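Below is one structure; the comments refer to it alone.
For ligands, and for the atoms within them, numbers begin at 1 and follow the listed sequence. Scope of the values below: all heavy atoms of this structure, side chains included, with no hydrogens, waters or symmetry mates. What you are looking at is a predicted structure, and each value in this text was computed from that prediction instead of being measured.
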Amino acid sequence: MTDTLRVAMIGHGFMGAAHSQGWRVAPRFFDLPLMPEMAVIVGRDVAGVAASAGKWGWNESATDWRDVIARDDIDVVDIVTPGDTHAEIAIAALEAGKHVLCEKPLANTVAEAEAMNRAAIAAAERGVRSMVGFTYRRVPAATFARDLVAAGRIGEIRQVRAEYLQDWLMDAEAPLTWRLKKEHAGSGALGDIGAHAVDLTEYITGEHVTSVSGVIETLVPERPLLGEGVGLSGTASAERGEVTVDDLALFTGRLQSGALASFEATRFRTGRKNALRIEIAGSLGAISFDLERMNELEFYDATQPDLEQGFRRILVTEHDHPYLAPWWPTGHMLGYEHGFSHQVRDFVTAIDEGSAPSPSFADGLHVQRVLDGVERSSAAGSVWTSIAG
Ligand code: SOE
């Protein structure tokens, strides 16, 4: 008989749907050491959260996260709310002895992320685990890229190009959702998607960004206020409000080895829908990853005879890969949602083993410091700014 892990999820937007998929599907494909039970989903809108519970498969819904965290029959708190609430919920949950999975970016400010990391360290001493949801680490081709780099297959890293490009804000009349307000989102493209580019670069290279020089800019400074509806599906009202976050972030980062990495994050790159691309050039070869072609990794092996060289496309669906065996026959492709099942598998396994899940809150704090460094650099005229910690 497998023990049960009773999960409460706080929030029910886009990430709520994705995380629900992970909790629901992971135990049906992976042999998990603990069986997640989708106990309760929490949101402020009574009817909305009840509908989400029914649709996504949660046993019940509730409107007050504090009541839920106080319950003895909850083991895990999964936070998928906007960034301004992460710190308060995560710290309260960890102090109440609940394991915490928190969406990225970890928080809206470095101070909040530091407080969360302190709470995570104290909780770990009591056997309580925490993890930040940089889910793309769990796309098999990205994990494989990390393995190739760690095995020395591209040699010494010489240059990195990392970009996360979307275009859902290119319409200047798209409404002012929470993702466009600093008080809710902390930052714009920088934190929403640039955070992924930084984390994935650091994960694949195994190196931290130690200093940055960058510029951030708001391209459409005013937008219609949100009328009826929520999130991306909300309609525009006649009134307008100020966009208080960046639309575009361009920066250069120095890695620990001294190599330079260039980063771009924008939700205005016409035609690019979800292009998280990382290309790493090394002394022995290169790799290139593109989330819009997430089952593939391009690998250039410069140790091969000159006449045989060229980027080769590796279909990363082989069952030798730890994430792939439980899914479909080779070549039958995974999608966006599978990363959330892999995340659940790894988090639940770490809870069962009593090991530290990865990425940790310390990793989330480090990314937060990089984001903060980019903002400070931009404000100071793109001066090189070192990343503390
Ligand atoms: C969640 O991980 C997330 O970063 C969203 O917040 C972005 O908007 C999405 O496009 C990528 O995933």
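Taking the charged nitrogens against the carboxylate oxygens, Asp199 and Lys104 have no contact shorter than 4.0 Å, which rules out a salt bridge.
A donor atom on one side chain and an acceptor atom on the other are found under 3.5 Å apart for Asp78 and Trp23. Under the 3.5 Å distance criterion, with hydrogens and angles disregarded, a donor-acceptor pair is assigned to the side chains of Trp58 and Ser20. Between Glu353 and Ser355, the side chains place a donor N or O and an acceptor N or O closer than 3.5 Å (distance only, hydrogens not considered). Checking Ser288 against Glu298 by side-chain atom types alone, no donor-acceptor pair falls below 3.5 Å.
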For each nitrogen or oxygen atom of ligand 1, which protein N/O atoms lie closer than 3.5 Å, and how far apart are they, rounded to 0.1 Å?
residue  : atom   : partner : partner atom : Å
ligand 1 : 2 (O)  : Glu103  : OE1          : 3.3
ligand 1 : 2 (O)  : His196  : NE2          : 2.9
ligand 1 : 4 (O)  : Lys104  : NZ           : 2.6
ligand 1 : 4 (O)  : Asp192  : O            : 3.1
ligand 1 : 4 (O)  : His196  : NE2          : 2.8
ligand 1 : 6 (O)  : Lys104  : NZ           : 3.3
ligand 1 : 6 (O)  : Arg179  : NH1          : 2.9
ligand 1 : 6 (O)  : Asp192  : OD1          : 2.6
ligand 1 : 8 (O)  : Arg179  : NH1          : 3.4
ligand 1 : 8 (O)  : Asp192  : OD1          : 3.0
ligand 1 : 8 (O)  : Asp192  : OD2          : 3.0
ligand 1 : 10 (O) : Gln166  : NE2          : 2.6

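Heavy atoms from other residues, nucleotides or ligands lying under 6.0 Å from NZ of Lys273 number more than 12.
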